[in-house]
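The structure appears right after this line, and notes come after that.
No experiment lies behind these values; they were computed from the predicted model shown. Starting from 1, each residue takes its place in the sequence as its number.
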Amino acid sequence: FEVKGDRVVGDLYRPGREGPHAAVVVAGPMTSVKEQVTGVYASAFARRGLAALAIDHRGYGESGGVPRQYEDWRRKVEDLRNALRHLATIADIDGARLGAAAVCLGCGYAAHASAGNA
């Protein structure tokens, strides 16, 4: 999906059964990419029946955006909000059952991304 013209790349982990699935976007540590912490957690969620999306925030990993490797928490919150919107468009995802999961500093990003979205 895109955020402000930059491509955001992620890996969607699905449970081994038919949907529609409840889903979460996984927020991780400051400089983590989807192959690290968030991917490990997303895979674990999927094995337990919940679809989970691990992303590379803009400026990190395979995602577009500059500057590279620059910590901007507001941009990460925006990426997570857009990831949730994107999840809601996927056919086997239940858009009414979305949430955020987080590890380490990602807890702050996820809390900000979720605020006002209940």
Side-chain angles (χ1 to χ4, degrees):
F1 60 95
E2 286 194 5
V3 180
K4 294 188 175 177
D6 292 322
R7 184 170 169 243
V8 177
V9 177
D11 291 330
L12 179 58
Y13 294 79
R14 290 178 167 93
R17 58 178 169 75
E18 286 192 38
H21 306 291
V24 294
V25 62
V26 184
M30 184 183 290
T31 60
S32 181
V33 292
K34 66 187 178 311
E35 293 83 8
Q36 295 174 324
V37 175
T38 57
V40 171
Y41 275 77
S43 176
F45 279 120
R47 287 192 307 272
R48 289 162 177 82
L50 189 67
L53 178 62
I55 65 169
D56 286 340
H57 288 281
R58 286 176 290 159
Y60 290 90
E62 293 181 74
S63 289
V66 290
R68 302 299 295 172
Q69 277 72 337
Y70 178 74
E71 174 60 19
D72 182 342
W73 71 269
R74 288 173 191 86
R75 192 162 80 167
K76 288 184 173 183
V77 167
E78 190 173 32
D79 293 347
L80 293 170
R81 285 183 176 152
N82 280 280
L84 286 166
R85 288 185 194 107
H86 177 70
L87 277 170
T89 69
I90 299 172
D92 65 338
I93 301 297
D94 182 348
R97 297 187 302 151
L98 299 178
V103 180
C104 197
L105 187 57
C107 294
Y109 308 142
H112 281 279
S114 299
N117 290 326

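- Across all their heavy atoms, S63 and H57 have their closest contact at CB-O, 3.5 Å.
- Within a 6.0 Å radius of OH in Y60, other residues, nucleotides and ligands contribute more than 12 heavy atoms.
- Contact record, A42 with A54: CB-CB, 4.2 Å, taken as the closest heavy-atom pair.
- Take Y70 and apply the ring pair (Phe, Tyr, Trp, His ring centres under 6.0 Å) test, not counting sequence neighbours, and it matches no residue.
- Hydrophobic clustering of Ile, Leu, Val, Met, Phe, Trp and Tyr side chains at less than 4.5 Å, counting indirect connections, unites V77 with L98.
- Between the side chain of D6 and the backbone N or O of R58 there is no donor-acceptor pair closer than 3.5 Å.
- V9 and V40 fall into different hydrophobic clusters, where Ile, Leu, Val, Met, Phe, Trp and Tyr side chains are chained together by heavy-atom contacts under 4.5 Å.
- Tracing side-chain contacts under 4.5 Å through hydrophobic residues (I, L, V, M, F, W, Y), one never reaches I55 starting from V37; they form parts of separate clusters.
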Requested in this report: Any chance you could lay out the side chain to side chain contact (heavy atoms under 4.5 Å, CB included) test for E35 and D56, step after step, and finish with the verdict?
Outcome: CA-CA 9 Å; E35 293 83 8; D56 286 340; 4.2 Å; yes
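- Of the possible donor and acceptor atoms, none in the side chain of R7 sits under 3.5 Å from a partner among the backbone N and O of G65.
- Taking each heavy atom of T31 and K76 in turn, the nearest pair found is N-NZ, 4.4 Å.
- Among all heavy-atom pairs drawn from E71 and Y109, the shortest one is OE2-OH, 2.5 Å.
- Each of L12 and V33 belongs to its own hydrophobic cluster when Ile, Leu, Val, Met, Phe, Trp and Tyr are linked at side-chain heavy-atom distances under 4.5 angstrom.
- Summarising the local packing, CD of Q69 is surrounded by more than 12 heavy atoms from other residues, nucleotides or ligands at distances under 6.0 Å.
- Between A27 and G106, the shortest heavy-atom contact is CB-O, 3.5 Å.
- In this structure, the side chains of D92 and I90 come closer than 4.5 Å at one or more pairs of heavy atoms.
- Between the CG atom of L80 and the NE2 atom of H112 there is a distance of 11.5 Å, given to the nearest 0.5 Å.
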Query raised in the report: Stepwise, does the side chain to side chain donor-acceptor pair (under 3.5 Å) test hold for S43 with R47?
Result: CA-CA 6 Å; S43 176; R47 287 192 307 272; 2.8 Å; yes
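- Nearest heavy atom pair, residue V26 against residue A52, reads CG2-CB, 4.2 Å.
- Cluster membership for M30 and Y41, using ILVMFWY side-chain heavy atoms within less than 4.5 angstrom, is not shared.
- Shown here is R68, whose CZ atom has more than 12 heavy atoms of other residues, nucleotides or ligands within 6.0 Å.
- Residue F1 holds its CZ atom at 6.5 Å from CG of D79, rounded to the nearest 0.5 Å.
- Ion pairing between K4 and E78 holds under the 4.0 Å rule for side-chain N and carboxylate O.
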